[in-house]
Amino acid sequence: MNTARSYFDHNATAPVLPEAMEAVVRALEMTGNASSVHGEGRSARRIVEEARGDIAALFGIKPSGVTFTSGGTEAANLAIHIAVRALGVTRLIVSSIEHDAVRASAASAGVPVRLLPVTGDGVADMAALAGLLAEEGGKALVALMLANNETGVIQPVAEAAKLAHGAGGLLFADAVQGAGKLDIEFAGLGADMAAVSAHKIGGPMGVGAMAMRPGLAAEPLIRGGGQEFRRRAGTENVPGIAGFAAAARVAGERRAGMPDLERLRGRLETGLAAVAPDLVVFGAKAARLSQTSLFSAPGLDAEKLVIALDLDGFAVSSGSACSSGKVIRSHVLSAMGVDDDLARGAIRVSLGPGNRDDEIDRLVKSWGRAYARFRTRWNETGAPAERRRAAGVEY
Ligand code: PLP
């Protein structure tokens with residue numbers, strides 16, 4: 001067991017930035033409910049409203065368009081709820097690679113849902129979108145994420161927004177993985193609503209925001225008091241919001257460090273391909289977040305790989321971390337038409353500013369050892385997954 005740990009799972013959650021931690025602690029040391037009229041309350045309110053300005057600046061919208069939530073999941077649920085309950089949306093067109101936060105929320109919205117297919121490289125198919133928008137059914141909300149959490153593939157959100165608007169519809173962009181890595185200004189995206197999450201950009205867990213074009217009507221999902229412009233009831237999470245804004249402020253500086261992460265990812269993928277000639281990097285031909293790599297080779301088992309890598313000191317994930325713990329096939333790889341035997345071994349490495357060349361080299365060696373071990377057994381049985389499983393062959 002190696003005691004030196006290397007963290008390669010930044011898409012699951014990023015380490016909290018010192019600036020964010022400091023802001024959280026400072027807010028925790030204060031007393032005051034942001035709804036109270038006394039001095040303490042006004043101090044808390046000031047923190048919330050300054051933070052609202054910082055988050056609004058990320059999107060290039062007015063602060064009144066920002067609703068603080070408990071995270072990306074709630075922000076996605078709120079956006080879809082508002083679309084259906086307040087904006088006259090009668091049908092949803094959801095990309096087949098959306099996060100469960102969007103997929104599950106859409107499925108329970110009470111209106112028909114159509115899935116938007118992706119290409120083999122994991123990019124939403126715009127011709128298919130035009131076709132879906134042309135169908136009968138009234139006003140559509142298109143849900144398309146900015147970048148996929150598993151593959152890192154960047155989606156044509158601006159093009160989708162143009163198509164949606166041309167057909168009288170709206171667009172919701174899950175910007176949870178795009179924030180801090182890509183430009184998320186509404187003017188460029190053409191989005192009507194978007195979701196972000198603090199813990200993906202170096203802020204604390206359990207806080208996020210739903211951003212919307214100011215002027216759009218709204219309707220709360222969580223009811224109670226009149227907080228957040230009556231769009232989200234409940235006493236504001238002032239320390240969380242303070243930490244979120246602090247992380248958002250340094251998000252721009254961190255984006256400047258992204259080219260180095262792209263170089264590191266190149267080092268990783270070249271190293272892996274040298275060890276495994278049959279390596280497949282998913283979405284490699286598409287534009288991707290420069291710090292994300294999802295890869296596999298036939299005959300591997302991701303669950304076992306994650307454990308083997310963990311014992312060697314590496315934190316990586318198999319497909320989506322949000323669904324790990326259960327052996328379920330990645331819906332993203334299914335949508336991309338990846339066959340079972342390859343999908344089963346998919347490992348995601350998502351880099352962050354703390355990662356170094358020597359860690360990458362050690363990860364390649366560790367993965368290579370596991371690959372050789374699994375591969376030997378696979379070759380011995382000489383059978384594809386279904387037959388191996390039917391024969392009860394253990395990896
Ligand atoms: N959307 C995407 C693309 C994500 O990757 C995640 C988290 O993994 C979420 C939404 C959910 O965000 P949160 O963890 O803040 O609820």
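Computed from heavy atoms alone, side chains included, the values below leave out hydrogens, waters and symmetry copies. Each ligand, and each atom within it, is numbered from 1 in the order the structure gives.
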In the single-linkage hydrophobic clustering (I, L, V, M, F, W, Y; side-chain heavy atoms under 4.5 Å), do Met21 and Met30 co-cluster? no

Touching ligand 1 at all, Lys200? Heavy atoms, strictly under 4.0 Å? yes

Can a non-hydrogen atom of His199 be found less than 4.0 Å from any atom of ligand 1? yes

Which heavy atom in Glu236 sits nearest to a heavy atom in Ser35, and how many Å separate them? OE1-OG, 4.2 Å

Considering non-hydrogen atoms only, spot the tightest contact between Arg91 and Leu133 and give its length. NH2-O, 2.9 Å

Looking only at non-hydrogen atoms, the one of Ala175, Gly203, Ser197 nearest atom 15 (O) of ligand 1 is Ser197

Can you confirm, on distance only, whether ligand 1 has an N/O atom lying under 3.5 Å from any N/O atom belonging to Gly72? yes

CG/Leu264 to CD1/Ile360 distance, rounded to the nearest 0.5 angstrom? 5.0 Å

Counting from 1, what ligand 1 atoms have a heavy atom of [X] closer than 4.0 Å?
X      : answer
Thr73  : 11 (C), 12 (O), 13 (P), 16 (O)
Met145 : 3 (C)
Gly71  : 15 (O)
Asn149 : 3 (C), 5 (O)

Are Trp367 and Phe314 close enough that their ring centres sit under 6.0 Å apart? no

Would you find more than 12 non-hydrogen atoms of other residues, nucleotides or ligands less than 6.0 Å from Met205 atom CE? no

